[in-house]
Amino acid sequence: MQLLNRKYLFSFSCKMRFSKLFYSQLLKLMFYSVLFFVCRQKSKMNVGVAHSEVNPNTRVMNSRGIWLTYALGVGMLHIVLLSIPFFTVPVVWTLTNVIHNFGMYVFMHAVKGTPFETPDQGKARLLTHWEQLDYGVQFTSSRKFFTISPIILYFLASFYTKYDTAHFVINTASLLSVLIPKLPQLHGVRIFGINKY
């Protein structure tokens with residue numbers, strides 16, 4: 001009986017040693033795999049730098065929440081203009097459209113370069129923000145959004161002005177001033193040398 005108990009205890013202790021050994025090896029393997037993964041991730045990160053883009057202008061319009069912020073900014077502009085007592089609703093819609101399109105034209109199609117120093121050796125210096133957007137790739141989601149948004153604003157302005165001729169002409173001219181520079185055929189083109197340098 002004692003012999004049987006000793007064998008049982010010996011086999012049980014061997015099993016325990018094996019299971020302890022197995023679990024300790026498994027824990028070591030898990031620890032080293034996690035450590036390897038973390039070190040590998042850190043090697044991909046650019047430590048001490050906010051981003052890894054050569055030119056942050058290329059990706060800023062794809063940032064999280066930028067489209068919502070843009071839409072809220074246009075909405076706030078419209079509400080501020082509506083709060084001015086002597087403006088009628090058609091005048092407010094036309095002003096919202098014209099101010100929006102003027103701002104879009106200035107910031108996306110007139111101003112060139114970047115607001116910070118980039119290591120691209122001056123490649124972005126002669127490009128507008130629209131030409132830098134998504135590294136110049138056409139028909140990306142951000143380019144589509146910034147092409148469709150003035151069109152939607154134009155439709156809203158035309159509807160709320162009841163297609164009045166004066167408002168319609170002003171809104172159409174304003175829309176064309178921001179849509180024509182967005183065409184892929186005009187990428188990098190300076191008409192009559194305007195804004196060449």
To the nearest 0.5 Å, atom CD1 of Ile148 lies from atom CZ of Phe155 at 10.5 Å

His109 and Trp130 aromatic ring geometry - parallel, tilted or perpendicular at 30°/60° bounds: tilted

Among all residues two or more places apart in sequence or in another chain, which pass the side-chain hydrogen bond (donor to acceptor under 3.5 Å, both in side chains) test with Thr172? Tyr154

Heavy-atom side-chain proximity of Val189 to Leu186 below 4.5 angstrom: yes

Any non-hydrogen side-chain atom of His129 less than 4.5 Å from a side-chain atom of Phe107? no

Under a 3.5 Å distance rule, please check whether Arg143 uses its side chain to pair with a backbone N or O of Lys182 as donor and acceptor. no

Enter the distance from Asn97:CG to Leu153:CG here, rounded to the nearest 0.5 Å. 4.5 Å

Write down the atom of Lys112, the atom of Leu126, and the distance for their closest heavy-atom approach. CD-O, 3.5 Å

Rounded distance (nearest 0.5 Å) linking atom CD of Gln185 with atom CD1 of Ile180: 11.5 Å

Quick one: do Tyr163 and Ile151 end up in the same hydrophobic cluster if we chain Ile, Leu, Val, Met, Phe, Trp and Tyr together by side-chain heavy atoms under 4.5 Å apart? yes

Looking at side-chain heavy atoms only, is the closest gap between Val111 and Val106 below 4.5 Å? yes

Holding to salt bridge (Lys or Arg N to Asp or Glu O under 4.0 Å), I want the full list of residues that pass it with Asp164, two or more places apart in sequence or in another chain. none

Side chain to side chain, Ser174 and Phe102, heavy atoms closer than 4.5 Å: no

Tell me whether Phe146 is reachable from Tyr105 by hopping between hydrophobic residues (I, L, V, M, F, W, Y) whose side-chain heavy atoms are closer than 4.5 Å. yes

Does anything in residues 70-86 pair up under side-chain hydrogen bond (donor to acceptor under 3.5 Å, both in side chains), and if so which pairs, sequence neighbours excluded? Tyr70-His100, Tyr70-Ser149, His78-Thr96

Looking only at heavy atoms, the pair that brings Val178 and Pro150 closest together is CG2-CB, 4.0 Å

Show your reasoning for whether side-chain hydrogen bond (donor to acceptor under 3.5 Å, both in side chains) applies to Asn101 and Ser177. CA-CA 8 Å; Asn101 290 342; Ser177 72; 5.6 Å; no

With the 4.5 Å side-chain cut-off for hydrophobic clustering, are Ile170 and Phe168 part of the same group? no

Sub-3.5 Å donor-acceptor pair from the side chain of Gln132 to the main-chain atoms of Leu127, do we have one? yes

Hey, any chance Val92 and Leu77 share a hydrophobic cluster, counting ILVMFWY side chains that come within less than 4.5 Å of each other, even indirectly? yes

Residue pair Trp93 / Leu156, side-chain heavy-atom distance below 4.5 Å: yes

Would you indicate whether the side-chain heavy atoms of Leu81 and Phe87 approach each other to under 4.5 Å? yes

Using the rule that Ile, Leu, Val, Met, Phe, Trp and Tyr join whenever any side-chain heavy atoms are under 4.5 Å apart, tell me whether Phe86 and Ile99 fall into a single cluster. yes

Under a 4.5 Å cut-off applied to non-hydrogen side-chain atoms, are Trp67 and Ser141 in contact? yes

So, do Met108 and Met61 sit near enough that their side-chain heavy atoms are less than 4.5 Å apart? yes

Rounded to the nearest 0.5 angstrom, the OG1-CD1 distance for Thr147 and Ile152 is 11.0 Å

